[in-house]
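Remember, it's 1-based here, ligands and their atoms both numbered in the order they're listed.
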Amino acid sequence: MKGWSGRILWVDLSKKEYKAVEYPAEWAKQFLGGRGLAARILWEYLPAGADPLGPENLLILAVGPLTGLSLPSSGKMVVAAKSPLTGGYGDGNVGSWASYHMRRAHYDAIVFKGVSDKPVVVYIEDDKVEFRDAEDLWGKDTWETEAKLKEEYGKNVGILEIGPAGENQVLYATVISQEGRSGGRPGMGAVMGSKKLKAVVIKGTKEIVVDDPKKLREQGAKAYVEVVKSKSYPFWMRQGTMMTIDWAQEASVLPTYNFSEGVFDGYKGIDGYRMEEMKIAQRGCPFCNMPCGNVIKDEEGDPSELDYENVAMLGSNIGLDDLAKVGVLNKMADKYGVDTISLGNTIGWAMEASEKGLIKEKIEWGDYERVKELINEIVYKTSDLGKLLAQGTKKACSQVGGCDFAINAKGLEVSAYDCHAAPGMALAYATSPIGAHHKDAWVISWEVATDRFAYSREKAAKVIELQRIRGGLFESFVACRLPWVEVGLNLDHYPKLLKYATGVTYTWDDLYNVADRIYALIRALWIRELGGWSREMDYPPEKWFKQPLTKGPLAGSKLDKEKYGQLLNYYYEIRGWDERGVPKRETLKRLGLDFLIPTLEKIVGLS
Ligand code: PTT
Ligand code: SF4
């Protein structure tokens, strides 16, 4: 097999054993890699109903056939597991040299099972695996941990680690790399912490074998040139994703006061132009010629790497309009290893709960000092409120009330686009396969530019088209999608690159089938792990139906529940899923997923 190594490295943390195993070649062709391979492994090897924070859960690192090659922004990888936040499938995509080293060590996936008796670092060098005691690193933040491991193993390695949030099993803890890369929003860091796995260090020295190296190099070079020649490139290089603050304000979708409004009076204090005044560096992932990590000096004089999501969620959503202060909160999240989106969302929920008297503590909007304390309480679970909020909005509201304003779908907090006046984006959040995340279908820019209030079949089809490309393909051939999304790199590079890497010709129909297969498989995983399914799982937060916007040009707007139900029906119809959101038998057969049928038949029955 060229383009894939065909090997999975299994690491048993309980027994301190490891084994490299070949996996079936058809898995590679049918699921490509990354998210697809991770979901396939979970279906096959995760015991149904396993405790996400117990020894049976599998923490999976996965790369794809385009990862680590000389083509734009290929230094990315997927980290996946059963999520402790949602109880369903969870993953994230992190930029790290670890992805490149995995390819050079000839592993398509590394799977960690069991629980170590003591904190441990796993060092992988090609075919050799070592278990290094990590008592000295436990408790250290992610920056200190990575610096220490680099001192020990040298600079030419890839490192993924957790901070105190992962150690303490905050349910939205992430896996961090390179000081500002974070992956695995639905608690992949908590799973790593539950296994007492402080860090993974990878060094690969073998050659990555591809089918046609010359053509691959030429195609990759063309794509690199297209990126820098794009009209959008110069402004992108100035502001990166931070340009989105002004766009979101203009479009009335900037999350404000726990997603109560889509405009924020103080947006100029946190926007891309403010960031440009404070910028001290720019950094990014391996193989990227359009790095998006804009680093500023924060209120405490430290570097902090900003992205739109981080700034909106820890800025406007909690009523804070000072970028230097937002930078401190963002840096705390990176050092502790906790997801900024769920953190800002959960703190916003707490502020509203405090205002409404559901929790006794006073937490005012924009109270920077209190928020800093609160982050410490959440990460170290040192107060009752911290313990409550460490579980995310869904679990927190089930204990004290306030579920009407808990902004999540399937238990994962919504990322930074308000949907009072964006039903298509609401559908994208609600049907995302990991819970509410914009990564699978960022339909909102298209929606705002077309008929934003429509609940049409065309809109459902657009969500699915984006889910196929973004959530299906970029997550499984595993490269960064931003060259396409942000500077308009032609998508037709990718089937060609795949062909030169693997020797397999994929038409767009073939690729869409791969994506649909992955989506149906992940839906089946959710059904198996939750022991059932209902269409309510594919609904967005109640607040967008019940509480209209009161500010800005779209004041008075809210979603219509009946029309949303129709939009969801269109979505199911196009996917070949029934009215409950369960893939139909014929759909499973068409996608070559017959092996799912007996289990689904038993749990929910198939149409
Ligand atoms: C991603 C999510 C995002 S998406 C952002 S900002 W974004 C937040 N970043 C966080 C952070 O930083 N620190 C932190 N402690 N928590 C954070 N949580 C949030 O996590 C990220 C980029 C970005 S920046 C985006 S859009 C694109 N996402 C991609 C994706 O999902 N797939 C893909 N094939 N390519 C992508 N390219 C872009 O990558 P999650 P990263 Mg991230 C500081 O992981 O779990 O998917 O959540 O990976 O290396 O940091 O790159 O405006
Ligand atoms: Fe990484 Fe950003 Fe470059 Fe994508 S655009 S590869 S996330 S630095």
Side-chain angles (χ1 to χ4, degrees), residues 34-35 64 66-67 71-80 83 90-99 142 160 162-163 165-166 170 172-189 227 236-237 240-245 248 282-295 303-314 327 329-345 375 379 412-413 415-417 432 434-435 437-440 442 469-487 489:
R35 168 183 271 184
L66 295 189
T67 308
L71 56 98
S73 308
S74 69
K76 297 283 256 179
M77 62 195 290
V78 167
V79 43
S83 160
D91 73 17
N93 192 303
V94 60
S96 169
W97 280 105
S99 65
T142 61
L160 300 165
I162 54 166
V170 173
Y172 43 92
T174 56
V175 177
I176 301 283
S177 192
Q178 300 177 193
E179 295 194 352
R181 302 276 129 198
S182 160
R185 292 194 49 218
M188 300 304 98
V227 166
W236 168 264
M237 289 301 283
T241 60
M242 285 295 293
M243 67 170 88
T244 314
I245 295 275
Q282 187 153 353
R283 60 189 183 201
C285 313
F287 305 103
C288 181
N289 65 341
M290 47 174 282
C292 64
N294 286 302
V295 185
S304 180
E305 185 177 324
L306 302 177
D307 275 304
Y308 165 72
E309 302 291 327
N310 308 339
V311 172
M313 296 312 299
L314 294 169
L329 307 181
N330 175 64
K331 171 193 67 188
M332 289 173 82
D334 282 347
K335 290 179 108 172
Y336 287 152
V338 65
D339 174 46
T340 50
I341 297 175
S342 286
L343 184 67
N345 203 315
I375 293 176
V379 168
L412 180 65
E413 283 70 26
S415 17
Y417 304 93
S432 152
I434 58 167
H437 198 328
H438 62 292
K439 71 190 285 169
D440 279 82
W442 191 67
I469 299 169
R470 297 167 62 110
L473 301 180
F474 278 97
E475 294 313 310
S476 56
F477 57 56
V478 197
C480 176
R481 62 171 188 261
L482 296 188
W484 163 62
V485 176
E486 302 290 354
V487 301
L489 179 66

Using the test side chain to side chain donor-acceptor pair (under 3.5 Å), find all partners of Ser83 that sit at least two apart in sequence or belong to another chain. Thr86
Heavy-atom pair of closest approach, residues [X] and [Y]:
X      : Y      : value
Thr174 : Ser182 : OG1-OG, 3.1 Å
Ser99  : Met77  : N-SD, 3.5 Å
Cys292 : Asp307 : O-OD1, 4.1 Å
Arg470 : His438 : NH2-O, 3.3 Å
Arg185 : Ser342 : NH2-OG, 3.4 Å

Looking only at distances, please establish whether an N/O atom of ligand 1 is found under 3.5 Å from an N/O atom of [X].
X      : answer
Gly95  : yes
Asn93  : yes
Arg181 : yes
Arg185 : yes
Gly92  : no
Gly184 : yes

I'd like to know if Glu486 contacts ligand 2, where contact means a heavy-atom distance under 4.0 Å to any ligand atom. no
Return yes when Arg481 approaches ligand 2 closer than 4.0 angstrom through a heavy atom, no otherwise.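 For ligand 2, residue contact (heavy atoms, under 4.0 Å) with Arg481 is absent.
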With heavy atoms of [X] as the reference, note each atom of ligand 1 found under 4.0 Å away.
X      : answer
Ala333 : 15 (N)
Ala479 : 33 (C), 34 (N)
Asp339 : 16 (N), 17 (C), 18 (N), 19 (C), 20 (O)
Leu482 : 37 (N), 38 (C)
His438 : 4 (S), 26 (S)
Gly180 : 12 (O), 43 (C)
Lys76  : 21 (C), 22 (C), 35 (N), 36 (C), 37 (N), 38 (C), 39 (O), 41 (P), 48 (O), 49 (O), 51 (O)
Glu309 : 5 (C), 6 (S), 7 (W), 52 (O)

Taking only heavy atoms of Lys76 into account, list the atoms of ligand 2 that are under 4.0 Å away from them. 7 (S)
Under 4.0 Å to a heavy atom of Arg181 - the qualifying atoms of ligand 2, by number: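 Under 4.0 Å from Arg181, ligand 2 has these atoms: 1 (Fe), 7 (S).
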Ligand 1 contact on [X] by region, counting heavy-atom pairs under 4.0 Å:
X      : value
Thr340 : both
Asn310 : side chain
His437 : side chain

Return the closest protein heavy atom for [atom] as residue, atom name and distance.
atom                    : result
atom 31 (O) of ligand 1 : Arg481 NH1, 3.0 Å
atom 14 (C) of ligand 1 : Asp334 OD1, 3.1 Å
atom 32 (N) of ligand 1 : Glu475 OE2, 2.6 Å

Taking atom 3 (Fe) of ligand 2 as the center, what protein N, O or S atoms are found at less than 2.8 Å? Cys288 SG
For Met188, state whether at least one heavy atom is located under 4.0 Å from any atom of ligand 1.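 For ligand 1, residue contact (heavy atoms, under 4.0 Å) with Met188 is absent.
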Can you find a heavy atom in the side chain of Glu475 that is under 4.5 Å from one in the side chain of Val78?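 Yes, side chains in contact.
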For atom 42 (Mg) of ligand 1, does an N/O/S atom of Ser182 lie at less than 2.8 Å?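 It does; at least one qualifying atom falls short of 2.8 Å.
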Within the distance-only criterion (no hydrogens, no angle test), does the side chain of Thr67 pair as donor or acceptor with the backbone N or O of Val478 below 3.5 angstrom?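 Flag set: sc Thr67 to bb Val478 pair under 3.5 Å.
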Just by distance, do the side chain of Tyr417 and the backbone of Trp442 share a donor-acceptor pair under 3.5 Å? no
Gap between atom CD1 of Ile434 and atom CZ of Arg35 - 0.5 Å precision: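 Atom-to-atom, Arg35:CZ and Ile434:CD1 are 6.0 Å apart.
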